Structures are given as C-alpha cells and as structure tokens.
Amino acid sequence: MDISYFIFGSLGIIILSLVVIPLLPIKLKSTAVICLVIVTSALSLMPIIQVLYFHRILEYSFVVSRSLGTISFQIDSLSAWFMLLINVICVSGAFYGKGYLVSYLKQNANTTIHWILFVVLQISMLWVCMAHQALFFLISWELMSLSALLLVMLEHEKPETLYAGINYLIQAHVGVILLTVGFIWVYSSEGSLQFDAIKNFFSHHPPIGLFSIFFIGFGLKTGFVPLHTWLPYAHPAAPSHISGIMSGVVVKMGIYGILRMTVYLNSDYLRIGIIILILSLITAVYGILNAAVHRDFKRMLAYCTIENIGIIGIGLAVGLIGKGIGNQLMAFLGFAAVLLHTLNHGLYKALLFFTVGNVYQQTHTRDMEKLGGLIRTMPQTAIFFLVGGMAIGGLPPFNGFVSEFLIYVGLLIGIKTMSAAYISLLTFSIAGLAIVGGISMLTFTKVFGTIFLGTPRTRLHHRPREVSFIMRFPQYFILLVMLSIGLFPKFYFSAVSRIAASFIPLKASESLLIPESLLNSLTTTGWLGFGFVGLIAILLFIRKRLSLNALHPVNATWGCGYVRPTPKMQYTGKSFSKSLGKLLSFVVLEKKKYKEIPVTEIFPKSRKHSSHYKDLIELEILNPIVDRLLFSLNYFKFIQNGNIQLYILYGVFFIVLVFLGTIFKMI
Amino acid sequence: MISFILIILTSIFFTGILIRAKSKAAGRKGPSILQPIKDIIRLFKKGSVFSTTTSFIFQIAPSIYFASVIMAIMVIPLGTYKGFISFEGDFVFFAYILGVGKFFNIISALDTGSSFEGMGASREALFSMFAEPAFFILLGSFALLTGHSSFQEIFLSLHFGSYISYILGVLATVVLFMIALVENSRMPFDDPNTHLELTMVHEVMILDNSGFDLALILSATNLKFAMYGALIANLYMGSFPLYLTIPIFFGVQLSFAIAIGLLESFTARFRMNHNAQYILILSSVSLLIFLGVLLVLGQFN
C-alpha cells in the first residue's frame, strides 16, 4: 500500500495549522487543534491497521537529489505500535489542553505558537517512527525536540522555566550530536544513509561501540541514569498536558530508537543485555527513591518516569539476554513486556500528569505540603489519581501488573537456564523489581494521602472545585483503556506478541512456541481481577445491609484525648517518607537551610527552616564536570563578544577556509 | 479448595492459641481459645463511629483489605492439592494482591488526618517494603531449585535430599516466620499490646476503625497468620497423601502459633528506628538460601 498520501497529507496539515491557527479567534484555536490532531490520527490509523492487523510492512521512498540520496519510509509493526501510542496520548492531550489553557486566553501570540507546535510535535513524532533513512530521521528528531522544547516553555517569563528549557535544549542536542556521529560512522563504513546499512554494519563489525553511541544518544532522551537530569526540571516547568505527552510519548521515542537499533543488532546480545540490565536496575531504584522524597508533585512524577524507564530497560535486558543465550521464550517475554510496559506507562503517566494538572489548575501550587483533603472537593480527580498510583505500582487489577508480571516470568525463566554469575544477577533483578514496587507503594500512598486525604493544610485563595468536563473526558478514556488491559491481558498480549516475535528472527526449522500455561496465567490474572472486584462488591453489599440498623455516630478523629487538633498537626508527606530518606541518605541528599539559635539568644525571634532534596548524580557527578568544562571554555569567551562585525568576519573566514580546502583537495 | 477451607478453619483458632500460649508462659490461666473470634463476631454486629475528616476511602478500605487477603489465600496449595487457582508465576500475584490490601490500609489511615495514624502508616509502608525482597529472593531460589514457578509445583517438587537442603528448609521456615511477624505486626517488630500510640505500627493505623470494619481487619489479620502458617506447612508436605498432610498442616499451624506466643513472652520489641535494618536482615537470610540452592545445584563446581 502507498503511504505517500499520509506523508504529504501530514505535511499539508502542518502548513494548514500554520495558516489557520493564527487567523482564528483565540477561543476557537484549541478546537481547531483538536480537529487537526484527530485528522492526523485518523490518517495514520489506516497504515497502522494495515500493519498491525493485516501484518504487512508498508514502504515508500522517493529520490530528493543525487547528493542527498533517497528518502525512504517504512512502517513495520514496531513503528505502528509506537504510532498508535502517540495518537492515543496526543488526542487525549489535545482535549485536556483545551480545558487546561483556559486561563491563558489573554495571551494570544503565546497560545497560537503553542497550538501550532502541538500539531507539529505529533506529526514529527509520527515521522520519527516512519523514517527509514538517517537524514530524514535526524530532521524529524530535531523537529520533535525543538517543538517539545517550545511547548514546555509556555510560561517562558519564569526563570525556572527558562532554566529547565535550556537544560533540556543542551541535553537534547548532545543526544543529537551522538546520533549524528553514529549515523556518520555507519555512512563512512557502509556508504549509505538507509537504515538497512546499520544492519549491514552490525553484521560484520563488533557492535558494542556503535550501539553504545546510539544508546547514549537515545538514552539522553529517555532518561536512563545518569542521563536523566533534564527530566526533573522539564516536567514541572511544562503545562500539564505537555508534561503528560513528554513523559508519555516523547521520552518513549528514545525507547523506540533503542528498540530499532536492537532489531538490527546481530551479535553480543548477552554482553549488551547485562550492561543494560545493571543500568536499568540502578535507574529504577534511583528514580523511585528520589520520587519518594520530593514534595513538588510534578517533580515526583518526573522521577517516577525515570523509574519506569528503568523497568522498561529491565524488560529490554531480559529480551537481549534471552536472545544471547538462545532462550527464545525468555527473549520473547522480555520484548513483549517492553512493548506493553511502554503502552502502560504512557497511559498511566499521562493520566497522572493530567490529574495533577487538575490539582494545579485549582490550587496554583505544586507543593503537596500545602494541600490536603481535596477528595471532598475534587472526588473524580482523586479517583483518577488513586487508579494511576495503583497502576504505576503494578497492583492488580490494573495494567501495570500485566507488564511487570511478564518481566517477572521472563526473569524466572532466565534463572533456570543460566550459570551462577548470571543467575545471581537475575535474582537481584527480581529482588530489585520487588523493592521498586515497595517504594512505589510508599511514594503513591504518601502523595495521594497528602494531596487528597485528611484536612486542608493551608488556606487556598479560592475553594477548589472539580475541573471542567473537557479535562475529565480524556482521563475517563485513559482509565477505561487501562482497566481493559488489566482485565483482558490476553488480548493485548496477543497484540504485542507478533511485534515481539519480530525481534527474534527464527530459522525456518524453528517455531516460537508460547506455552499454553503462560497464556493461561495471563487469562487467570484477568479473571482474578474480576473476582477481586466482585468480592469487594459483595463485601461492601453485606456491610451495607448489616449496618442498616446499627447506629453511626460521627465524631472527630481520635487524637489521644487532645480536643483541639489543628490541620497543621496532621502527619505530613515529608515525615511520611522521612524514615526512608534517612535510611538511604547516601542516595537522597537532604540539604537544610536554617540559622542555629545561639546560646546567648534567650528569646529567639521567628526564623525560617527549609529542607530540600538534591539529586546526587547531578550534584556530585555532573555539576563538577560541567564546572570544569566551563572553567576551560571561559578562555574562549572572547569569540562570542557580541560584535556583529566580528561574527561576519568569522563567516567570511569559514567560507575562505572551505574554498581553499576544496582547491587544494583537502576536503 | 481444601487448603482454602483448612486455612479459614485455622484462622478461627489461631489467635486464641497464641494468646493462650502467652498467658501460660506468664503463669496466667488466659481466656478461652475462642475468645478472639467471639470478639470479632460481636464487632460484626455493632455499629461504627466515623470521623468527620474521613471520606469514602475510609469506608471501602477494610473491605478491600479483607478481599485481598482472601484472594491471596486462593492460590495457596496443600501438598498435592491445588489451591482454588494455580498458575505459573502465581506467587507474584500473591505478593502484589497483598500489596493492594496494604495500599488501601495505608491510605485509609491517612484519610483520618490524624497526627498518629500517618506515623503508623509510614512505618507499615517502610517495613513491608523491606520485607518484599526477602520473599521474592526466597521464592526465586525455590523456582531455581525446582524449575517451576507456581506455589503448588514448587512445593510439590521440593524434597529434601541432602543435608544442605535440610538447612534450606529450616532457613526458609525462618524467613517465612519472620515475614509473617512483620506482615502481622507482631512482637519483635511491633507490639500489639502497647498502649502508647507513638510506639505502635499497625494498631495505630486502625485506631479510628470500629464495628464491621474493625472486625474485617481483625479477621484479615487472623487469616494472614493462617496463610503464612500454611506456606510454612507446605514446605514439609511434599507429595504425601491427604491423611498425612492434614495432620502435618495442623501440627505446623499449632507450633507456629505457640512459637509466636513464646517469642512474644520472652523478647522485647526491637528499637523502632532500627527496625528497617532488622527486617533487611531477612533478605540476607534469603540470600543464604539462594547460595544454598546454588550449592545444591552444583553451580560452584
């Protein structure tokens, strides 16, 4: 099938958005964007269905010029899966954004650019998934990074947003440089920019060098520790619908890139798998530990994204190790878990970011210690958060459990077939996953409890109320999809199983047997989910019937006989996670700021005490390196002196250099 | 099926026996063995007081907690007899469904907006988090030893052939015993009889529950005891016929209850701020089991 209509159609949509959105009255802009986003999704749905249901591979290519070579596109099942995820999250994000940006209706220029870039972001991500040639891939990748950057910086007048934006810009470009270097390496060796050249490269070169360049390049987008430092700044700075899309899909584009490279990989699976496993374990534990202590709830969610990237990485490592030791089933489970967890995390993270967006819109604070008792005024938001928090901890009957279950089963299969050193590593991974689940439970009980339960801790400017329907609508939609994954895991598993099988090239004589017991387990967990919900319903029914006749007096919470409790006496989120932070203070650094009371000060005046948690890797490892770099780069400051004449001279100098180089055949 | 009934049956007497053992050790006569269950029945009939601060979370949490324990019990086998359900990787489900109950228990404590209940909730979350890896390393080692990954198949093919494997059995019993104490908030980790809210863990979380809800929580605790007892009993059953497994089951449960009673009579509670480290020791015992399994499998040769 020809997919050229989609490529030119999406280009047309971008041009259309550039023309139409600035001209529309400000109230209609968001509606127009919703339409454009839906049209884009509908256009791309055709090829996606073709690929996922009719198992075709769609290709298209055209020659631009002799020097640039052929630009080619390909949609295989892996691309289609990610395109599906992009569409689901972007459409929900557009609906949510319409409601969320209501208070920005006065900033005409700002919202115009914001909404145009929203369309560009979706289409550029779709292009990234379709690109099959390095140059076009890099262009789409850059378009995606830049549009995401400007979307993040909606509130560009705030200094912390600027800081976050520049931080992201630089890190994204370090990533792009690495990717470019990788592609040039392939080009110089194979003489082609097509992706197939990467396959050829891997087939007769040791892969570790090129793969690590690509892994770091994509890892910077994804947020593997220690490449994660932009995430905790960018997510809080962005408006919530953008945070949801950033965390739900933009970050996943890095996963897509790594998976794409994995497809082309031809040897050394085991070594690469082990490295990724160790890195992912560190990422998962480090991410969730930081998430547990932070009090800014969007920053907490950003760290939680890092944790989930770690879990996805563990799945990827299971897949690679399985491939390395020739255990097809383990490899299959690993890759299936990666794909499913990518979808799952995209869904619940978008839901959670939208939910905290609801809270932020109503209360104008990101500090959870200032909130409390919101379940009374915003009950639906509270339920969304509760479900998201449970799903992210991998608790049944929601979708997080399904993918984590697959990873556990994959690890258990691996344990049975390997030698002592590897067994120990895999057992550690099982324990690591368990402890990540435990800390994640602590984190989300803390955040849910602090924001939504108890009594309000401070007086808010205006009484929060439930957000508008247009903001709740995408959240209901995501909630339903999540529940369907949790309750009918087998359906989704069979959807990803074909994609996962494409990672494991089988010889003609072999065939991949998915044991009946595994499918059976998945179906059973789905039924158990139903059973669990049913049992709860029965218990609640009995409870209701039994207590019809009994007395139900209402009274204040038991305060050990103290009769004048105040909201400030509630347990705080900070103290909830304090004991964990104290135990692991060598990982989560607490910085306190206060003035000691001197002995001579008999009547101390009022003073401030503040405590913040710092990122260990940023503070102790990255910042010193950057400082050293800055120190040496300072000597070259004279080059950038703001003198336009000199800048023009640089240009002339460069052109002369190129000219001379060409004449003397040096370039 | 049969294990489910046996566990329910045991849970009726478990706390009674435990309390009787404690009172005998203290030289008292002690209440009837059926006293705890009578208390629970009485609570089921009573009305309840609700705090003005609480929301619907507080109302549904005890039911979810109880339901999660019931679901967890469903996967526990008895020797050759499967539980209600048995599937590959069911111990993962077991651990995670118990997690759901705990999650709701914790947020229901936070729902009261109390200055004490959050403290208990925080401790419960922390302690159970540290107990988690011990359980998973234990089951992972057994999966490695037996080549299976469901409770029933693991226990069925777990037979103690050499001296090392006896040690493994003893260590596994220790780990499960201690996990049961952590999960049920018993003595070395938490004192259920303390009267000071500041030093409680589990008790302080349920300060505001009363009536039907409290009864559900208490019976869930009893069920959890019997559940861990059943896991320990399964270590020693292998593929014996039913007329042997049922006495073994009750024997193990009885000695489990008495052991807890005696332990509570003769030890003091650990220091609260070091509790997490004590619990982490369990993981190292699990690691010993893991190394033992590697030895048995000859991985070091």
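Letters A, B, ... are given to chains in the order of the sequence lines, protein chains preceding strands, and every chain is numbered from 1. Every value quoted in this text rests on a predicted model; they were computed, and no experiment measured them.
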Using a 4.5 angstrom heavy-atom cutoff, name the option from [options] with the most pairs to chain B.
options                                : result
A:Ser575, A:Gly437, A:Gly438           : A:Gly438
A:Val533, A:Leu583, A:Thr525           : A:Leu583
A:Lys578, A:Lys582, A:Arg376, A:Met569 : A:Arg376
A:Pro379, A:Ser424, A:Ser577           : A:Ser424

Under 4.5 Å from any heavy atom of chain A, what part of [X] do you find: side chain, backbone, both or neither?
X        : answer
B:Leu126 : both
B:His148 : backbone
B:Phe116 : side chain
B:Ala121 : both
B:Gln59  : both
B:Asp111 : both
B:Ile97  : both
B:Phe130 : side chain
B:Leu207 : side chain
B:Ser68  : both
B:Leu139 : neither

Q: Measure the spacing between CZ of B:Phe212 and CG of A:Leu540 and express it to the nearest 0.5 Å.
A: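 Separation between the atoms: 8.5 Å.
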
Quick check: are there more than 12 heavy atoms from other residues, nucleotides or ligands sitting under 6.0 Å from [atom1] of [X]?
X        : atom1 : value
A:Tyr422 : OH    : no
A:Phe530 : CZ    : yes
A:Lys370 : NZ    : no

Does the side chain of [Y] come within less than 4.5 Å of [X]'s, by heavy atoms?
X        : Y        : answer
B:Ile60  : A:Ile536 : no
B:Glu117 : A:Tyr571 : no
B:Ile57  : A:Phe448 : yes

Q: Determine the option with the most heavy-atom pairs under 4.5 angstrom with chain A, choosing from B:Ser283, B:Ser128, B:Pro133, B:Gly47.
A: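 Highest number of heavy-atom pairs under 4.5 Å: B:Pro133.
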
(Q) Quick check for you: among B:Leu287, B:Leu291, B:Asp213, which has the greatest number of heavy-atom pairs under 4.5 Å with chain A? (A)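 Most pairs with chain A among the choices: B:Asp213.
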
Quick one: side chains of residues 384-407 of chain A, donor-acceptor pairs under 3.5 Å with protein atoms, not counting sequence neighbours, listed by atom name and distance.
unit_1, atom_1, unit_2, atom_2, d
A:Asn399, ND2, A:Asn344, OD1, 3.2
A:Ser403, OG, A:His341, ND1, 2.8
A:Ser403, OG, A:Asn344, ND2, 2.9
A:Ser403, OG, A:Gly400, O, 3.4
A:Glu404, OE1, B:Tyr96, OH, 3.1

Q: Step by step, work out the side-chain contact (heavy atoms from CB on, under 4.5 Å) result for B:Phe136 and A:Leu411.
A: CA-CA 12 Å; B:Phe136 274 92; A:Leu411 285 170; over 6 Å; no

Donor-acceptor contacts under 3.5 Å from residues 426-435 of chain A side chains, at least two apart:
unit_1, atom_1, unit_2, atom_2, d
A:Thr427, OG1, A:Ile423, O, 2.7
A:Ser429, OG, A:Leu425, O, 2.8

Q) How about B:Phe103 and A:Phe444: are their ring centroids closer than 6.0 Å? A)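 Distance test on ring centres: not under 6.0 Å, no.
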
Q) At their closest point, which heavy atom of A:Thr445 faces which heavy atom of B:Leu110, and how far apart are they? A)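 Result for this residue pair: O-CD1, 3.4 Å.
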
Q) For B:Ser149 and A:Leu412, which heavy atoms make the closest approach, and how far apart are they? A)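 So the minimum-distance heavy-atom pair works out to CB-CD1, 3.9 Å.
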
(Q) For A:Thr557, run the side-chain hydrogen bond (donor to acceptor under 3.5 Å, both in side chains) check against B:Thr53, B:Thr52, B:Thr112 and tell me which one passes. (A)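 That would be B:Thr53.
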
Q. Got a sec, which residues hit side-chain contact (heavy atoms from CB on, under 4.5 Å) with B:Arg42, two or more places apart in sequence or on another chain?
A.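 With neighbours one apart ignored, the set is B:Asp39, B:Lys46.
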
Q.
Apply side-chain contact (heavy atoms from CB on, under 4.5 Å) to residues A:Ile383 and B:Phe56 and explain how you reach the verdict.
A. CA-CA 11 Å; A:Ile383 290 174; B:Phe56 68 92; 3.9 Å; yes

Q. For chain A, which residues of residues 82-91 of chain B have at least one non-hydrogen atom nearer than 4.5 Å to it?
A.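 At a heavy-atom separation under 4.5 Å, chain A is reached by B:Ile85, B:Phe87, B:Glu88, B:Gly89, B:Phe91.
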
